[in-house]
Amino acid sequence: MSLPIRAFIRSFSSGSIQRSAIKNVTIIGGGLMGAGIAQVAASTGHNVVLVDQTKDILKKSHSSIEKSLQRVVKKQYAEDPKAGEAFMAKVLSQLCTETDPAAAVKSSDLVIEAIVENLEVKKKLFASLDKAAPKHTIFASNTSSIPIKEIAVATKRMDKFGGLHYFNPVPVMKLLEVIRIPETSDDTFNKLLAFGKAMGKVTVNCKDTPGFIVNRLLVPYMMEAVRMVERGEATPQDVDTAMKLGAGYPMGPFELTDYVGLDTCKFIIDGWHAKYPNNPLFDPSPLLNKYVAEGKLGNKVGEGFYKAKK
Ligand SMILES: CCCCCCC[C@H](O)CC(=O)SCCNC(=O)CCNC(=O)[C@H](O)C(C)(C)COP(=O)([O-])OP(=O)([O-])OC[C@H]1O[C@@H](n2cnc3c(N)ncnc32)[C@H](O)[C@@H]1OP(=O)([O-])[O-]
Ligand SMILES: NC(=O)c1ccc[n+]([C@@H]2O[C@H](COP(=O)([O-])OP(=O)(O)OC[C@H]3O[C@@H](n4cnc5c(N)ncnc54)[C@H](O)[C@@H]3O)[C@@H](O)[C@H]2O)c1
């Protein structure tokens, strides 16, 4: 059972959160999601190696982790800043970075992949990790929309393969979807569930169906919001206001698209359209394509449907 973040960190500091068999975790991809996953895994006592393509990218990942940790620590240790500093130092000491994926998985119990939403790129990565990682290492993908089995076939360890689908921002969102394919062994699935709980998340069991649970509902909703604007029926601002004040969502669909990344949204919808060309829910959007072509990828680059707040 997950806890509000303050209680959760307190219980971690006092050792009351159950630990899983997984201790050493490698996270591949240090973008929005990988950095968040690395932060929470290290905050919950795991040894974390975070991998990305260049040292410069990893510098940015590290700095975003530090900023996010500062937010957490500022609240949690408001009355004891020294203890906050010690917590932060401990978390950062459990986190290191690496540009060579093969070296990073040498003593890994679990690899979580959070790279670009592209099947061929993910398969290529896992095929090479399969050769480099020890036999016992479990592999998981954080894909938003690609069937886990289509990625897992790149390896010879399908029994040790599953999905761990986190939500953005990882330090705040409590849910973790844990996905099994028919080949996933009970032992692997149980270890993934236990790891998710050890990270303080509420887990739900998912089958390997398109979008699992959340995105099967969220993607059509977000795309219909974009189509509503394309049809000239409302502005992004009015749609966002309507969904926040009328449906109680914390962000409107355009704010959320900016938050997720327009490139990631495009990868998802293009992939589903190619697979299900007759389903109008998955039709690509000229407006989304235009923004992506203009490099307006959302908050991560400072502009998407909106200009990002500084
Ligand atoms: C078209 C296809 C699209 C499909 C997309 C699929 C994508 C994917 O597969 C699935 C997803 O992730 S879907 C996406 C799922 N995600 C959603 O749906 C997100 C929806 N949005 C939200 O839930 C809220 O707007 C936020 C929580 C993001 C910000 O909350 P807010 O009230 O607007 O603003 P606030 O006051 O600033 O922050 C509130 C509290 O959170 C704390 N904090 C925030 N960021 C932090 C960080 N990085 N680190 C640490 N802490 C962080 C902050 O300190 C504060 O704590 P306090 O104790 O209150 O002082
Ligand atoms: N953005 C979201 O809200 C969200 C939520 C849940 C799941 N996801 C999924 O998580 C994954 C990552 O999404 P993101 O938003 O963090 O993307 P991102 O663009 O922020 O980060 C991806 C990172 O992967 C790195 N990368 C790409 N290829 C690599 C390789 N071969 N080896 C090592 N690193 C590589 C890139 O340099 C980049 O830093 C995607 O599969 C996405 O669908 C995204």
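Numbering of ligands and ligand atoms starts at 1, following listing order.
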A.B. asks: What is the closest protein heavy atom to atom 27 (C) of ligand 2, and at what distance does it sit?
C.D. replies: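 In this structure, atom 27 (C) of ligand 2 has Gln53 NE2, 3.6 Å as its nearest protein heavy atom.
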A.B. asks: Of all the non-hydrogen atoms in the protein, which one sits nearest to atom 20 (O) of ligand 2, and at what distance?
C.D. replies: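 The closest one turns out to be Leu32 N, 3.0 Å.
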A.B. asks: Measure the CE-CG distance between Met228 and Asp238 for me, rounded to the nearest 0.5 Å.
C.D. replies: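 One gets 11.0 Å once the value is rounded to the nearest 0.5 Å.
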A.B. asks: Out of curiosity, does Phe161 fall in the hydrophobic cluster containing Leu129 (side-chain heavy atoms, cut-off under 4.5 Å, transitive links)?
C.D. replies: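 Same hydrophobic cluster.
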A.B. asks: What side-chain donor-acceptor pairs closer than 3.5 Å can you find for residues 214-223, not counting sequence neighbours?
C.D. replies:
from   : atom 1 : to     : atom 2 : distance (Å)
Asn215 : ND2    : Ser144 : O      : 3.1

A.B. asks: To the nearest 0.5 Å, how far apart are CG in Leu58 and CD in Glu98?
C.D. replies: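 So the gap between those two atoms works out to 8.5 Å.
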A.B. asks: If you have a sec, work out which protein heavy atom is nearest atom 36 (C) of ligand 2 and how many Å separate them, to one decimal?
C.D. replies: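 Result: Asp52 OD1, 3.5 Å.
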A.B. asks: Does a side-chain heavy-atom distance below 4.5 Å link Tyr166 with Met33?
C.D. replies: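 Yes, at least one pair of side-chain atoms sits under 4.5 Å.
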A.B. asks: What atoms of ligand 1 come closer than 4.0 angstrom to any heavy atom of Asn168?
C.D. replies: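 Going through ligand 1 atom by atom, the ones under 4.0 Å from Asn168 are 12 (O), 14 (C), 15 (C), 16 (N), 17 (C), 19 (C).
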A.B. asks: Number the atoms of ligand 2 from 1 as they appear, then name those within less than 4.0 Å of a heavy atom of Thr143, with their elements.
C.D. replies: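 Those of ligand 2 that fall under 4.0 Å from Thr143 are 41 (O).
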A.B. asks: Using a strict cut-off of 4.0 Å, indicate which atoms of ligand 1 neighbour a heavy atom of Met223.
C.D. replies: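 Once the distances to Met223 are compared, the set is 1 (C).
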A.B. asks: Tell me which part of Pro169 gets within contact of ligand 1: side chain, backbone, both or neither, using heavy atoms under 4.0 Å.
C.D. replies: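 Looking at Pro169 and ligand 1, just side chain atoms fall under 4.0 Å.
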A.B. asks: Hey, does Lys149 have a side-chain heavy atom less than 4.5 Å from the side chain of Thr184?
C.D. replies: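 Sidechains of Lys149 and Thr184: no contact.
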A.B. asks: Of the protein's non-hydrogen atoms, which lies at the shortest distance from atom 1 (N) of ligand 2, and what is that distance?
C.D. replies: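 The answer is Val260 O, 2.9 Å.
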A.B. asks: Nearest to atom 6 (C) of ligand 2, what protein heavy atom do you find, and at what distance?
C.D. replies: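 Sorting protein heavy atoms by distance from atom 6 (C) of ligand 2 puts Tyr166 O, 3.2 Å first.
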A.B. asks: Can Lys244 be said to sit on top of Tyr249's aromatic six-ring, NZ or CZ under 6.0 Å from centre and within 45° of the ring axis?
C.D. replies: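 Judged by the rule (NZ or CZ under 6.0 Å from the ring centre, within 45° of its axis), Lys244 is not positioned above Tyr249.
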A.B. asks: Indicate every side-chain donor-acceptor pair of residues 67-74 with a distance under 3.5 Å to a residue at least two apart or in another chain.
C.D. replies:
from  : atom 1 : to    : atom 2 : distance (Å)
Ser68 : OG     : Gln39 : OE1    : 2.9
Ser68 : OG     : Gln39 : NE2    : 3.1

A.B. asks: Give the residue and atom name of whichever protein heavy atom lies nearest to atom 13 (O) of ligand 2, and the separation in Å to one decimal.
C.D. replies: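 It is Met33 CG, 4.0 Å.
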A.B. asks: Heavy-atom distance to atom 56 (O) of ligand 1: which of Glu224, Lys75, Gln39 wins?
C.D. replies: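 Ranked by closest heavy atom to atom 56 (O) of ligand 1, first place is Lys75.
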A.B. asks: Below 4.0 Å from any atom of ligand 1, is there a heavy atom belonging to Ile269?
C.D. replies: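 Outside the 4.0 Å threshold, so no.
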A.B. asks: Would Tyr166 count as a polar contact of ligand 1, with the cut-off being nitrogen or oxygen pairs under 3.5 Å?
C.D. replies: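 No, since none of the N or O atoms of Tyr166 sits under 3.5 Å from an N or O of ligand 1.
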A.B. asks: Enumerate the atoms of ligand 1 whose separation from the nearest heavy atom of Val172 is less than 4.0 angstrom.
C.D. replies: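 Those qualifying, in numeric order: 27 (C), 41 (O), 42 (C), 43 (N), 44 (C), 45 (N), 46 (C), 51 (N), 52 (C).
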A.B. asks: Is there a side-chain contact between Cys265 and Ile268 in this structure, where contact means two heavy atoms from C-beta onward sitting under 4.5 Å apart?
C.D. replies: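 No, every pair of side-chain atoms sits at 4.5 Å or beyond.
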A.B. asks: In ligand 2, which numbered atoms sit nearer than 4.0 Å to a non-hydrogen atom of His165?
C.D. replies: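 Counting atoms of ligand 2 from 1, those under 4.0 Å from His165 are 6 (C), 7 (C).
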A.B. asks: Can you report which non-hydrogen protein atom sits closest to atom 11 (C) of ligand 2, along with the distance?
C.D. replies: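 Nearest protein contact, heavy atoms only, for atom 11 (C) of ligand 2 is Ile115 O, 3.2 Å.
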A.B. asks: Determine the interplanar angle of the Phe195 and His46 rings, folded into 0 to 90°, and report it as parallel if under 30°, tilted if 30 to 60°, perpendicular if over 60°.
C.D. replies: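 It falls in the perpendicular class, over 60°.
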A.B. asks: Could you state the interatomic distance from CD1 (Ile146) to CD1 (Ile151), rounded to the nearest 0.5 Å?
C.D. replies: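 It comes to 5.0 Å.
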A.B. asks: If you measure from each non-hydrogen atom of Leu256 to ligand 1, which part falls under 4.0 Å: side chain, backbone, both or neither?
C.D. replies: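 Just the side chain.
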A.B. asks: Taking only heavy atoms of Leu218 into account, list the atoms of ligand 1 that are under 4.0 Å away from them.
C.D. replies: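 Ligand 1 atoms under the 4.0 Å threshold to Leu218: 13 (S).
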A.B. asks: Quick check on His165 - does any of its heavy atoms sit under 4.0 Å from an atom of ligand 1?
C.D. replies: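 Yes, His165 has heavy atoms under 4.0 Å from ligand 1.
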A.B. asks: Roughly how far, to the nearest 0.5 Å, is the CG atom of Leu288 from the NZ atom of Lys290?
C.D. replies: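 Nearest 0.5 Å value for the NZ-CG distance: 11.5 Å.
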A.B. asks: Checking side-chain contact (heavy atoms from CB on, under 4.5 Å) between Phe126 and each of Val153, Ile28, Val121, Thr155, which is the one that passes?
C.D. replies: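 Testing each of Val153, Ile28, Val121, Thr155 against Phe126, the sole residue satisfying side-chain contact (heavy atoms from CB on, under 4.5 Å) is Thr155.
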A.B. asks: Which heavy atom of the protein is the closest neighbour of atom 22 (C) of ligand 2, given with residue, atom name and distance?
C.D. replies: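 Sorting protein heavy atoms by distance from atom 22 (C) of ligand 2 puts Ala114 O, 3.9 Å first.
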A.B. asks: Closer than 4.0 angstrom: is that true for some heavy atom of Tyr259 and an atom of ligand 1?
C.D. replies: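 True for this residue.
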